[in-house]
A.B. asks: 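Structure below; questions to follow.
No hydrogens, no waters, no symmetry mates; every other heavy atom, side chains included, goes into these values.
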Amino acid sequence: SGHMDCLHVVLTCVLFYSLLLTAHVLRRPSVNELCTRDFITPAASGSCLCGANEYCLCTPSLAVDAIVELVDGEGKLERVAFIMRGDGRGLAMVGGFLRVGESAEEGVRREVREETGLQLLRLRQWCVFSTPARDPRRHTAALVFVAQATARGQYLQAADDAKAVRTYTLAELQMQMPTFAFDHGKIVSAYLAHFHPSKHQLAQRRLGHVAADRHFAVDSYAACPSY
């Protein structure tokens, strides 16, 4: 009789918790309510940040990327450095996701140091690229910097997300653009047209066919200062 009573209690508890679990599953929405509120496409992925009073906000991720110019002792550009990604996606700008608690400038300096071993001499913000489809993994806005470093006295050492460091002269990039991951090839092409235009591009500017600060067919693709 005692064994039967124990079994009855166990079965009752199992049934009770099964009913609670079923009710919880039925109440749970099929789509995260935060995504419905903050995402244009509810099924999209991004970052959900939670702060005081359990208030949460879902936003795109923010990446800080750098086009790293390698210069000589007099500041003359010799080569431009990129990385080969360790995930097999190919060539890319140096960079990664910004961490909570650091500025964009701190973040890009950290990423360059981690992925190439370089300490930057100079750094300036250039463009923000934010179109939702630019990164197939999730909606990521990229704040792109133009940075300068000297390779003399520094050892280029790929690490972290990079499996190798690749460098190119401007002439090599202008002659044949390598295949890049994501939209990085489009960004590097815009960088060349803006800061290091070819003779043909300069001629087009002189004729007034192309403005110096217009490199994108779709204006909303990037926000770039005209300097």
Side-chain angles (χ1 to χ4, degrees), residues 62-86 89-99 102-129 142-206 210-213 215 222-227:
L62 178 61
V64 283
D65 296 318
I67 297 173
V68 182
E69 299 178 340
L70 300 178
V71 298
D72 63 15
E74 297 179 354
K76 181 181 178 181
L77 194 157
E78 294 182 326
R79 303 184 74 84
V80 183
F82 303 100
I83 63 165
M84 289 296 294
R85 293 177 57 92
R89 293 179 183 270
L91 196 66
M93 295 182 293
V94 183
F97 289 108
L98 187 66
R99 294 177 180 173
E102 66 182 358
S103 69
E105 290 76 14
E106 291 170 340
V108 76
R109 287 183 182 275
R110 171 184 54 76
E111 287 288 346
V112 171
R113 183 175 63 254
E114 290 175 352
E115 295 184 344
T116 69
L118 291 172
Q119 297 286 347
L120 295 179
L121 298 174
R122 286 173 287 276
L123 178 70
R124 67 170 173 177
Q125 292 186 20
W126 173 45
C127 266
V128 175
F129 297 83
L143 175 56
V144 179
F145 290 79
V146 177
Q148 289 189 339
T150 176
R152 298 182 181 182
Q154 298 192 78
Y155 180 62
L156 285 170
Q157 178 64 53
D160 195 42
D161 293 335
K163 68 176 182 180
V165 179
R166 297 282 186 265
T167 66
Y168 298 84
T169 65
L170 288 178
E172 289 171 338
L173 292 173
Q174 291 166 340
M175 182 177 299
Q176 183 173 1
M177 180 65 62
T179 300
F180 281 88
F182 311 119
D183 62 343
H184 291 196
K186 186 173 183 178
I187 295 173
V188 174
S189 293
Y191 153 80
L192 291 173
H194 187 89
F195 295 102
H196 307 286
S198 65
K199 292 181 180 179
H200 175 71
Q201 289 168 331
L202 286 173
Q204 291 292 304
R205 289 182 189 177
R206 284 195 293 268
V210 179
D213 60 341
H215 309 301
C224 308
S226 56
Y227 61 80

A.B. asks: Does the side chain of Ile187 come within less than 4.5 Å of Trp126's, by heavy atoms?
C.D. replies: yes
A.B. asks: For His184 versus Met93, what's the shortest heavy-atom pair and its separation?
C.D. replies: ND1-N, 3.0 Å
A.B. asks: Does the pair Tyr191 and Val80 meet the rule for a side chain to side chain contact (heavy atoms under 4.5 Å, CB included), with working shown?
C.D. replies: CA-CA 11 Å; Tyr191 153 80; Val80 183; 4.1 Å; yes
A.B. asks: Rounded to the nearest 0.5 Å, how far does CE of Met175 lie from OG1 of Thr169?
C.D. replies: 8.0 Å
A.B. asks: Let me see the working for Glu172 and Arg79 under salt bridge (Lys or Arg N to Asp or Glu O under 4.0 Å), right down to the final yes or no.
C.D. replies: CA-CA 9 Å; Glu172 289 171 338; Arg79 303 184 74 84; 3.6 Å; yes
A.B. asks: Quick check for you: to the nearest 0.5 Å, what is the distance between Leu123 atom CG and Glu105 atom CD?
C.D. replies: 6.5 Å
A.B. asks: Measure across Val71 and Leu77 and return the closest heavy-atom pair with its distance rounded to 0.1 Å.
C.D. replies: CG1-CA, 3.9 Å
A.B. asks: Quick one about Gln176 and Tyr168 (side-chain donor to acceptor, distance below 3.5 Å, no hydrogens or angles considered), yes or no?
C.D. replies: no
A.B. asks: Going by the rule side-chain contact (heavy atoms from CB on, under 4.5 Å), which residues pair with Glu106 if we only count those two or more places apart in sequence or in a different chain?
C.D. replies: Glu102, Ser103
A.B. asks: Locate the shortest heavy-atom distance separating Ala142 from Asp65; write the atom from each residue and the value.
C.D. replies: CB-OD2, 3.6 Å
A.B. asks: Work out which heavy atom in Val165 is nearest to a heavy atom in Ala81; give both atom names and the distance.
C.D. replies: CG1-CB, 4.5 Å
A.B. asks: Under the side chain to side chain contact (heavy atoms under 4.5 Å, CB included) criterion, do Phe97 and Glu111 qualify, and how do the steps go?
C.D. replies: CA-CA 9 Å; Phe97 289 108; Glu111 287 288 346; 5.7 Å; no
A.B. asks: For Gly95, is there any backbone N or O sitting under 3.5 Å from a side-chain donor or acceptor partner on Glu115?
C.D. replies: yes
A.B. asks: Which atom pair, heavy atoms only, marks the closest approach of Ala149 to Leu120?
C.D. replies: CB-CD2, 4.1 Å
A.B. asks: If you compare all heavy atoms of Ala66 against all heavy atoms of Val108, which two are closest, and at what distance to 0.1 Å?
C.D. replies: CB-CG2, 3.7 Å
A.B. asks: For the residue pair Leu118 and Val68, establish whether any side-chain heavy-atom pair is separated by less than 4.5 Å.
C.D. replies: yes
A.B. asks: Among all residues two or more places apart in sequence or in another chain, which pass the ring pair (Phe, Tyr, Trp, His ring centres under 6.0 Å) test with Phe82?
C.D. replies: Phe180
A.B. asks: Within a strict 4.5 Å, meaning less than it, do heavy atoms of the Pro178 and Leu173 side chains meet?
C.D. replies: yes
